[in-house]
Each structure stands twice: as C-alpha cells, then as structure tokens.
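To start, the structure under review is shown below, and the notes come after it.
Residue numbers begin at 1 in each chain, while the letters A, B, ... track the order of the sequences.
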Amino acid sequence: MQIGRVLGTMTSTVKHESFQGERILVVQLEGVNGRPDGEPVLAIDRMGAGRGDRVLLTNDGQILQEMIGRKTPGRWSVMALPDES
Amino acid sequence: MRIAEVIGRVTMSKLHPALRGGRFLISLPMPADALLEGSSNRGEEVIVYDNLGAGPGSLIALSEGREAANPFGKTKTPVDAYCACLIDRLAL
C-alpha cells in the first residue's frame, strides 16, 4: 500500500472492457516525507476521491481483479481516503 | 499503469504466434512535469502491444509487468507492456 496525491482524472472511451464504467484517477505516489515517487500512475477509484486528495493505493492486482475482472490490465486501485495528517 | 505518449510504431517480419494480430507502438512514459507543466521530459522508451489502434501523438494508459499479460487470459503470451486505454482527456 502506498500514499499518493490525486492530480486529477483521466477519461477514455476506447479502453479494455474491464474499465467500463470505472473512474480512473491520475495519482502521484509519495515516498518518505511526501517526496514524489516515480511517474504518476493511473488508479481505479470507487471511493470518490477528488483532485488534491491524499489517497491510499494498493498495487495488489488480485484485489483489482476481484473488483473489475480477472483479465484487467490495471494494477493500482484506491483503498482508502486517509484523513489529512 | 502509467501515462505514455505514442511516438511511432514498429512493424515485425517474424512474430511469436501468440503476438499475431497486435500492433507494436513506440511509447515514452510521461513524468509529472510533462503532464502538469507541458515539459518535454519523457521516460525511457517502451515497446507496447496494442489492439486498440493508438496513433502517433496520442496518449495511452501503459500497463506493464505481470498484469500486461492478463488480457490474454490462459494463453501464455510474451507481453509485458500493453496499451490498456486510448486517453481522451486528462483533467489535471
């Protein structure tokens, strides 16, 4: 699990069918002391996070496969919205 | 998945049978400053299996690693970079 900051949202019509009807966020993962960690990632969100929110992401593909299907090419999904510490 | 910019295609003369039917894009992953400030910085080139029809200049959702082969289900497929979405819009 990793903390990230929501940069915004991505919209796509031509996409893998597992993403039909799913909300996809652009998230900048944060490492220790909030420093950006790698390129922004695309995460499936069913928690309704908005731009600027901090989110707790999981990169466990299993969890996402159970949510949206075993053939999904996705990995990251929003697990929780932590209170601003 | 990361966001990547398609800059071209690679055509193959010989292919692993499981890869037939796909196209191969040359794509560059986009760092935060490219997405937010329009900088020309890009990540290292990745060759991506595509069956959605992405063209040069378009942005795609680039799936990498183990899950890039998920869409092929049970058939063993040597794909570790897969075009999962053609991006219409990024609201950042």
Side-chain angles (χ1 to χ4, degrees), chain A residues 2 4-31 34-45 48-53 55 57-78, chain B residues 1-6 22-23 25 27-39 41-46 48-55 58-77 79-92:
Chain A
Q2 207 167 334
R5 176 74 62 184
V6 178
L7 300 182
T9 54
M10 184 274 270
T11 43
S12 164
T13 32
V14 177
K15 56 194 174 189
H16 188 269
E17 76 259 9
S18 63
F19 297 138
Q20 275 313 332
E22 296 298 333
R23 198 160 170 271
I24 303 179
L25 300 180
V26 181
V27 178
Q28 174 61 65
L29 293 172
E30 289 174 357
R35 275 215 331 280
D37 171 20
E39 279 106 358
V41 296
L42 293 165
I44 302 296
D45 170 42
R51 190 185 329 179
D53 286 354
V55 286
L57 296 182
T58 176
N59 64 357
D60 177 346
Q62 228 62 39
I63 292 176
L64 190 58
Q65 285 171 28
E66 271 142 30
M67 275 165 57
I68 63 176
R70 252 173 24 76
K71 291 193 171 181
T72 183
R75 175 192 300 183
W76 296 95
S77 60
V78 176
Chain B
M1 297 186 299
R2 294 185 290 172
I3 296 166
E5 180 185 19
V6 177
R23 299 157 72 244
L25 309 172
S27 80
L28 302 175
M30 307 271 285
D33 57 0
L35 294 170
L36 297 172
E37 294 134 25
S39 98
N41 294 335
R42 296 292 184 272
E44 211 185 301
E45 191 179 277
V46 178
V48 185
Y49 177 97
D50 167 43
N51 56 12
L52 297 179
S58 60
L59 294 184
I60 61 170
L62 167 58
S63 166
E64 289 170 285
R66 217 183 54 75
E67 56 272 358
N70 280 350
F72 300 93
K74 292 261 178 318
T75 46
K76 288 274 172 295
T77 314
V79 164
D80 64 2
Y82 178 86
C83 173
C85 312
L86 303 189
I87 295 180
D88 296 337
R89 208 168 65 82
L90 289 172
L92 301 180

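- With a 4.5 Å cut-off on non-hydrogen atoms, A:V26 touches chain B through its side chain but not through its backbone.
- The two residues A:Q65 and B:R66 make their nearest non-hydrogen contact at NE2-NH2, 3.8 Å.
- Counting all heavy atoms, side chain and backbone alike, B:M1 lies closest to A:W76 at N-CD1, 3.8 Å.
- A donor-acceptor pair under 3.5 Å is absent between the side-chain atoms of B:S63 and the main chain of A:G74, judged by distance alone.
- Nearest approach of B:G43 to A:E39, heavy atoms of both residues: CA-OE2, 4.0 Å.
- Sorted by first then second residue, the salt bridge (Lys or Arg N to Asp or Glu O under 4.0 Å) pairs that include residues 17-27 of chain A, not counting sequence neighbours, are A:E22-A:R46, A:R23-A:D45.
- Contact of A:R51 with chain B is made through the side chain alone, with heavy-atom distances under 4.5 Å.
- Residues meeting the side-chain contact (heavy atoms from CB on, under 4.5 Å) test with A:Q28, sequence neighbours left out: A:L7, A:P36, A:P40, B:A32.
- Of the residues B:L90, B:D88, B:I3, B:L59, the one that meets the side chain to side chain contact (heavy atoms under 4.5 Å, CB included) test with A:M10 is B:L90.
- In this structure, chain A has a heavy atom under 4.5 Å from the side chain of B:L35, while its backbone stays farther away.
- The OG1 atom of A:T13 sits 11.0 Å away from the CD1 atom of B:I87 when rounded to the nearest 0.5 Å.
- Going from atom CZ of B:R2 over to atom CZ of A:R75 covers 9.5 Å, rounded to the nearest 0.5 Å.
- The shortest heavy-atom contact between A:I24 and B:C85 is CD1-SG, 4.5 Å.
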